[in-house]
Amino acid sequence: MDEKYYAQKIEQKWQKRWAEKGIFEARVDESKEKFYCLEMLPYPSGRLHMGHVRNYSIGDALSWYKRLQGYNVLHPIGWDSFGQPAEQAAIKKGVNPREWTEDNINQMREQLQRLGISYDWSREIAAHRPEYYKFDQWFFLKMREMGLAYKKMTKVNWCPKDETTLSNEQASGGVCWRCGSAVEKIDLAQWFFKITNYAEELVEGLKQLEGGWAERVLTMQKHWIGRSEGAFVEFQVRTGYGSGRLNSDNSDVRKDSKALNSTVQPSATADGSDCIRVFTTRIDTIYGANSIVVAAEHPVVLENYEKFSDEVKAKIEEIKIEKAKPRDYGEEIEKDGIDTDLKAINPFSREELPVWIGNYVMMEYGTGAVMSVPAHDERDFEFAKKFDLPIRQVISEPHLIHEHQQMQALALEQAFTEKGVLVHSDFWNGKTSDDAKREMTEFAEKHSFGEGAITYRLRDWGISRQRFWGAPIPIIYCETCGEVPVPYDQLPVELPESAPFTGVGESPLAKVPEFVNTVCPKCGGNKATRETDTMDTFVDSSWYYFRYADPHNAEMPFDPEIVKYWAPVDKYIGGVDHAVMHLLYTRFWTKAMRDMGLVDFDEPVKNLLTQGMVVGESYYSETHSSYIEQDLVKIERDERGKILSAILKEDGTPIRVAVEKMSKSKYNGVDPDDMVLVYGADAVRIFALFAAPVENELVWLETGIDGAVRFLQRVYRQLNNWHEALKNSPPEAPQDFGNDARKLRQKTHQTIKRITENFETGQFNTPVAALMELSNALNDFKIQPLVADEGDLFAVNEAVRSLILMLTPYAPHICEELWEVLTGSEDGILASNARFPVADEEWAKAVELEIPIQVNGKLRSRVVVSPKTTNQELEDLALADDKIREHTDGKQIVKIIVVPKRLVNIVVK
RNA sequence: GCUUGGGUGGCGGAAUAGGUAGACGCACAGGACUUAAAAUCCUGUAUUCUUCGGAGUGUGCGGGUUCGAUUCCCGCCCCAAGCACCA
């Protein structure tokens, strides 16, 4: 054993040994319980950053912990290697995206290995390799067969900077998830996956994730899916103008089972006149409707456009122009609109209502038309106030019913949006909102002018991307046969070696004739061209962790039998920024795979740990310079407009960078490689976990890491001090222990207990603190090795062994080394079948308790007693205490509260 | 505006079936060892007053429940993240 702790030497030695023995390679073993520990796979940008280090340190600590408990652990890693940066590098620097990607992977793999993360490298995958994306295409074909993939021409989100389309999830908030540019809407033919088929299930499934997933992720998904229960109601349009289908059918609406019996395409009512269909969650307020408000793009507007007055036409155009403008996040838009002069009939009251166009009605949600009930909806209220439309209250608070029945109208200060009791609603008066909703919906169904329905905010997932660096969509367009899927035996459709990267215009693949021109697999004709769009990279990451279970399968994405053993994922660790995108897609994918018969469960991830972001005081790396410009997402400026800091979103894992420091051309600050070089991987990893709870933001201060280094050095010294003497430690516990040994054993078992509990509750910072305490206790053990008796040696040996094993998940290299020193075995901890220590409850029990004594709730004294002391004895001790008597003498004792083993409180007057 | 988290020393953070607030670490100060420095070890460190025994005040703010509240309840303020006219 070296005198001093040389991190580099030890770390290299054990990394080599682990690799040679393949110690972390996982195999199916039905006799053992499995644990699948997964971290979100990185984009191969070229360099690891501290966010990665934190992510993988968490996963590795858990993997080691579970291994030491005897679990069969699967802990894989791979590369999310399709995507924009490779293509940007190609455009800007003319490099080959494939080579660029492979180089980056090699660099980052080395970095991960230097960190000593215990991955099963034999299962490494990379999305850009044909053996992987073959199965993206395989899945695409399956989805298409199942009716889950379809192509349609629609308005799609377009990022003008990245020159590609985006899914709704990727364009959330009106900005591109990668570059932050304002998203435009353009018309384009796109392939979609029908995620909306699973909308209900995706909401329902959230329930079984409760407890295992962070609350905020669940609510974010819930909001995104946006389930809302209500009814469709048709309002006949009295027009005098021409006719046509006026209702919109663009709402990706699935009707509930009850509604399926009613008219599915109710474009025309019984008497043949046209109608406007609205969606409402408050059919009980329908007697309060003062108008129908439709979106400017609504079919009824298009149908009647020519007949509108110039004023109406002008307003329609104005609203459309205003809507197309990119909006700031917090911006409030003033209500605007105009009366079209069309009239609609309220099917309940038979009242004639004006049809308005309103800028606050969105074509994308519901039917693009609403019934405006100003008394009971804030937006309608605002609209009615602005245009001085009538406001009629039809829902009353139960205690105000009488007043409402007496008076025609109570002036409302604001919309009353709560449920209540119906008034001024004819025959429905006096019913509660809930009853009225149900009964009025039934009434509408019976009379064929409406039906109960559930709508969702969730839209289908647009997966076409006009990029080169992605998996080609396996479709051929034949002049005679039309759209033809590539047969399974012709997969993969390989990407060509390269393509003209101009960064503008259509997909680069369209400019590669060898790729585009092909033979129709159906008729054999040569007038066939390939689809030139590639798939969204979120397709790759939707199923990658199933591939890890069976990574070399050439026939199937994976063997269902093997996945059955490993899946679902027991712990998934990653950034919260994927709460909606990736985590929603992968849940959808799992349900689709279940329907393909590939898996037999609904939810892929049992437990999700969302880690906080790593924040650096100063961060700059030469290698990042080429990305900084395109990857800055959020910028903070001071009053003078000077940039203070920015968030770099390199591969979805955001990291804050200080721009002032970045202007210096030299490296300055936190780079994992340099940290590892200076402090060692173990110290870096310990600090990453110890410095803050994993879900918090972590401010990376270099000074803090000294504590981690000092701790490891001290443990090393302690073993150096004791290991010779410990060779004489008795194998079985002796009968007698001295006072010091007794104390040390107690601390050891208390620590084991505490750490085991901490791991179960997902804490990573407090176990390190507990280990530091144990090491401190060992330091306080004043008996020197040469004079230690059997009991002392046993106690120290027990403490040291436990300390090493419990520290292994955090700092595996040094622990392997110390284990070798202690046991003489070169096999390593796992190979020697060592197990995480188990606490002896007897020893963990406190031998003496310090009981605080309060007078009127204020701490006045303490007594040290044995745990067996009775309440009466405690009370007597407290009353006899000198310091207590100072506060109680001459006063009347009202009562005495004794909390067993906790405290005594004397109440005096 | 809505939703979800969160506000504890100079700093990162401990501690909630209500029971000694500030574990552990950083930083800082003093001491030991040393010719010296580094390393290491020891001591101190919420705050105010103090006769050095202690006493008062303290977990964003204001109330409440309780013998006792960082923890529970009511009403605010502030910060972060997500969503945003979702009918």
Side-chain angles (χ1 to χ4, degrees), chain A residues 4 172-174 214-224 226-228 230 251 278-282 285 293 295 327 329-335 358-362 364-373 376-380 382-383 455-458 576-577 579-580 610 612-613 686-687 690-693 695-708 710-711 713-714 717 754 763 765-776 779 850-862 882-883 886 894-908:
Chain A
K4 271 188 73 187
S172 172
E215 192 65 35
R216 61 175 164 162
V217 175
L218 296 178
T219 41
M220 276 161 75
Q221 291 218 352
K222 202 170 164 186
H223 285 217
W224 190 264
R227 181 185 199 275
S228 88
S251 59
V278 305
F279 177 71
T280 177
T281 55
R282 292 299 300 273
T285 66
V293 185
R327 295 275 164 200
Y329 229 17
E331 200 177 328
E332 289 238 348
I333 301 158
E334 206 194 326
K335 300 269 180 302
N359 68 341
Y360 71 103
V361 179
M362 301 185 301
E364 297 80 32
Y365 185 77
T367 61
V370 300
M371 61 178 206
S372 179
V373 186
H376 305 293
D377 182 281
E378 282 167 23
R379 294 149 301 174
D380 295 342
E382 206 187 310
F383 194 69
T455 60
Y456 301 89
R457 197 183 93 124
L458 185 70
V576 74
D577 42 307
V580 171
T610 45
M613 121 171 149
I686 279 206
F687 179 62
F690 174 65
E695 59 277 7
N696 283 23
E697 190 173 77
L698 167 63
V699 180
W700 193 276
L701 292 171
E702 284 208 47
T703 50
I705 201 171
D706 290 337
R710 283 202 272 262
F711 169 51
Q713 283 173 338
R714 188 170 57 206
R717 269 199 312 274
R754 200 172 136 192
Q763 279 180 294
N765 55 337
T766 49
V768 179
L771 290 171
M772 286 172 172
E773 281 185 49
L774 182 56
S775 168
N776 289 347
N779 238 32
E850 195 187 54
I851 305 289
I853 304 169
Q854 302 177 331
V855 176
N856 286 348
K858 284 197 195 326
L859 178 70
R860 296 300 177 186
S861 183
R862 297 180 171 93
D882 287 346
K883 289 179 198 154
E886 280 177 36
V894 180
K895 68 169 154 177
I896 300 173
I897 291 127
V898 180
V899 184
K901 296 184 185 181
R902 277 308 239 304
L903 102 173
V904 179
N905 188 12
I906 301 165
V907 187
V908 297

May I ask you to say what [X] touches in the nucleic acid, namely base, sugar-phosphate or nothing, with a heavy-atom cut-off under 4.0 Å?
X: D377(A); answer: nothing
X: V907(A); answer: sugar-phosphate
X: V361(A); answer: base
X: M362(A); answer: base
X: D380(A); answer: nothing
X: R862(A); answer: base
X: K335(A); answer: base
X: E850(A); answer: base
X: Q763(A); answer: sugar-phosphate

Closest to the [X] side chain, choosing from [options]:
X: E773(A); options: A27(B), C24(B), C83(B); result: C24(B)
X: V370(A); options: A87(B), G13(B), C41(B); result: A87(B)
X: F690(A); options: G12(B), A87(B), U57(B); result: G12(B)
X: A769(A); options: G25(B), C67(B), A23(B); result: A23(B)
X: D706(A); options: A84(B), G12(B), A27(B); result: A27(B)
X: L859(A); options: U20(B), G12(B), U4(B); result: U20(B)

Sticking with atom [atom1], work out how far [N] lies from [M], rounded to a whole angstrom.
N: U3(B); M: C11(B); atom1: P; result: 32 Å
N: C77(B); M: A39(B); atom1: P; result: 50 Å
N: G64(B); M: C78(B); atom1: P; result: 24 Å
N: A37(B); M: G30(B); atom1: P; result: 13 Å
N: U70(B); M: U57(B); atom1: C1'; result: 16 Å
N: C72(B); M: A80(B); atom1: P; result: 24 Å
N: G7(B); M: U71(B); atom1: C1'; result: 15 Å
N: A69(B); M: G62(B); atom1: P; result: 15 Å

Does [X] make a side-chain N or O approach to OP1 or OP2 of [N] shorter than 4.0 Å?
X: N776(A); N: G25(B); answer: yes
X: R710(A); N: A27(B); answer: yes
X: S228(A); N: A87(B); answer: yes
X: N765(A); N: A14(B); answer: yes
X: R860(A); N: U20(B); answer: no
X: K858(A); N: A21(B); answer: no

Side chain [X], main chain [Y], donor-acceptor under 3.5 Å:
X: N696(A); Y: G612(A); answer: no
X: N905(A); Y: V899(A); answer: no
X: Q221(A); Y: A579(A); answer: yes

Can you tell if the side chain of R282(A) reaches within under 4.5 Å of the side chain of V373(A), non-hydrogen atoms only? no
Length of the line joining [X]:[atom1] and [N]:[atom2], which is rounded to integer Å:
X: Q713(A); N: U40(B); atom1: CD; atom2: P; result: 6 Å
X: N696(A); N: G6(B); atom1: CG; atom2: C1'; result: 9 Å
X: M220(A); N: C2(B); atom1: CE; atom2: C1'; result: 14 Å
X: M772(A); N: G13(B); atom1: CE; atom2: P; result: 15 Å
X: R902(A); N: U20(B); atom1: CZ; atom2: P; result: 6 Å
X: L218(A); N: C83(B); atom1: CG; atom2: C1'; result: 16 Å
X: Q854(A); N: G18(B); atom1: CD; atom2: P; result: 16 Å
X: K883(A); N: A55(B); atom1: NZ; atom2: C1'; result: 14 Å

Check this for me: does any side-chain nitrogen of one of E773(A) and R754(A) sit under 4.0 Å from a carboxylate oxygen of the other? yes
Identify, between G857(A) and T219(A), the residue whose nearest nucleotide on RNA chain B lies closer to the 5' end. T219(A)
When H223(A) and N779(A) are each assigned the nearest nucleotide of RNA chain B, the 5'-most assignment goes to H223(A)
Which value, rounded to the nearest 0.5 Å, describes the distance between R216(A) atom CZ and H223(A) atom NE2? 14.5 Å
Starting at CD of Q854(A), measure out to CG of N856(A) and round the result to the nearest 0.5 Å. 9.5 Å
Once you apply the 3.5 Å cut-off to both distances, tell me the Watson-Crick or G-U wobble partner of [N], or none.
N: U3(B); result: A81(B)
N: C72(B); result: G64(B)
N: G53(B); result: none

Parallel, tilted or perpendicular: rings of Y360(A) and F383(A) (30°, 60°): tilted
Syn or anti for G22(B), taking syn as within 90° of 0? anti
Using a 90° cut-off around 0 for syn, call G9(B) syn or anti. syn
